[in-house]
Amino acid sequence: MCGIVGYCGKRNASEIIYKGLKQLEYRGYDSAGIAVVSDGTVSAVKKQGRVANIEAEAKALRGNVGIGHTRWATHGKPSDENAHPHSSGKFTLVHNGIIENYDELKARYLCGEKFSSDTDSEVIVKLLDKFYNGDILATVKKVTDMLKGSYALVIICADFDWLVVTKRANPAIIGYGEDGNFAASDAPALAGYCKEITVLQDGDFALLTADGVSIFDCNLQGVIRERLINLAEPASLELGDCPYYMLKEIREVPASVERTYLAYVSVESRIKRILKDVKRVIVTGCGTAYNSGLIAKRYIECFASIPAEAEIAGEFRYKNPIITGDTIVIAVSQSGETADTVEAAKLARSMGGKVIAVTNAPYSELTRQADAVVPVEAGSEICVAATKSYTGQITALYLLANTIAGINSTEAVRRLSVMPELCNKMLECKGIDAIADMCARSSGVYFLGRDIDYAVALEGSLKLKEVSYVPSEGYPAGELKHGTLALMDIKAVAVVIITNEQLAGKSENAVEQVLSRRGKVAVISNVDGIEKRLQGRAEVIKIPECDKYLSPLLTAVAVQLLAYKTALLLERDPDKPRNLAKSVTVE
Ligand code: M6R
């Protein structure tokens, strides 16, 4: 949510910042802007809409120091005025986060000031201008001490050739380049420019010049923060021959599964130590990560016979969870930044529980809050809709559940090792286009399944509505007749996932119930004879035979392709669905 980039060096800043913003556009695309300093003057361009809207004007900006922003609107609608950067006097800044007490600060310190936006962020820059006393770091500290809420800020001043960066509860990294230094929300912005980065901690202040970076803690004492390898590679951000990142990333599902199970061995012994005496497991996350948590719950209960719950992170935090020393909380997050998930992890630890992070982001805040980390090796995921990270999470959680059950990973890895090839076969599967056509014309799509298939049904529904805007629900197949069946008519589509041989008959009852109400049906299944039974009455996608617990890796590919193809038929941009951003760093 909101991407920020800053540069201070020997090259023209706006060109570098523009490229960085393009790489961070998954964090928000309501508006974009860039400001540069040159000879004591700040010049800026900012506009509503995508980063590309500022390309022409950005090219004309000249200066070696600059900042940029791509916005996901929270306070103030998407508009040119509310686009960042915001300026006051000599100061200009970009902000990611939410200032909760901005109204109070306005009333107390900025009475009579003229504001040019509705944003909380403009209050910060006005305060900097008001309280500036010649000591920039002291001024930034004074102002940020007044703020309630979350922020990552990059600040420039017309008088100087430097940037100040500070953060609380929102990510900010520093990058070390050959001909300058950088600030950004996330590593992809710096791919190709910086081999090394530093992840700032809450309350840190960094002063960047063309020649160096100084970092200070919350008391303005100089500190040394670790330099880490920037894992974001320029090549991994290329679209290649794919028209959209969503397709590219679905095609990377097999590699994500394989890399994730290969990486597990390096963390297994640490996980075993953390798991000693575990009596109860809570898996938490948001959106897709929660949906993979539902699968993990089944794995843990089936393999380890330990009670396991899956909780939406934003709910978990506010329901007085019961956490004891023998409770393990597994926090699942692609980005490792999602505020609700990070806060849930903090809460669990503060209550004496142990936290295992399952994440695609090794340097993220979630990893810092965890006792142990299970890596998801999906690689950079740019499309707002999670695809390869979901299958990576399922792989990691499968391995983790085996470890909880005391089963050595060698056997679990052996079972997983056939899955990349089977996922590849799914990428070639026929029949998705016809179902996408049905979905695109429908009034609503109902994803149904039982047990583990129900968890994938929820994910299928989330994916479809997120990228195509077709109304959709995920439902347990058995629940259909208890209410949702009322929605079935000639315009409705049911996508029924059936991979459990024992429950197939019962799920097929749901198929018949929909058909008898004239709804259209698509079935995703590996059950023998199902095509024949439904011939001429429903579309059937046959998935390859596999271990019954690993079928979500295959059905996931089918529902992801279905969402993608439906979005294209409806002329949606699947990479940047309306109103959304990839990392939600506010509550
Ligand atoms: O980065 P996270 O995994 O913590 O993100 C959680 C959700 O915001 C995310 O999974 C969201 O639901 C996806 N856009 C769904 O495709």
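Residues: numbered from 1 along the sequence shown. Every number for a ligand or one of its atoms is a count from 1 in the order of the listing.
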Asks: Salt bridge (charged side-chain N to carboxylate O under 4.0 Å, His left out): which pairs involve residues 380-392, sequence neighbours left out?
Replies: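 Output for this query lists Glu252-Lys388, Glu381-Lys582.
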Asks: Could you list the residues that satisfy ring pair (Phe, Tyr, Trp, His ring centres under 6.0 Å) with Tyr193, not counting sequence neighbours?
Replies: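 Counting only residues at least two positions away or on another chain, Tyr193 forms a ring pair (Phe, Tyr, Trp, His ring centres under 6.0 Å) with Phe182.
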Asks: Less than 3.5 Å apart, any donor N or O on the side chain of Ser121 or Tyr151 sitting next to an acceptor on the other?
Replies: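 No pair is found: no donor N or O on one side chain lies under 3.5 Å from an acceptor on the other.
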Asks: Less than 3.5 Å apart, any donor N or O on the side chain of Thr566 or Ser468 sitting next to an acceptor on the other?
Replies: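 Per modelled atom types, Thr566 and Ser468 side chains form no pair under 3.5 Å.
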Asks: Could you list the residues that satisfy side-chain hydrogen bond (donor to acceptor under 3.5 Å, both in side chains) with Asn230, not counting sequence neighbours?
Replies: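 side-chain hydrogen bond (donor to acceptor under 3.5 Å, both in side chains) check on Asn230 returns nothing, list empty.
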Asks: Exactly which residues line ligand 1, taking a heavy atom under 4.0 Å from it as the test?
Replies: Cys286, Gly287, Thr288, Ala289, Ser333, Gln334, Ser335, Thr338, Val384, Ala385, Ala386, Leu462, Lys463, Glu466
Asks: Any side-chain donor-acceptor pair under 3.5 Å between Arg298 and Tyr549?
Replies: no
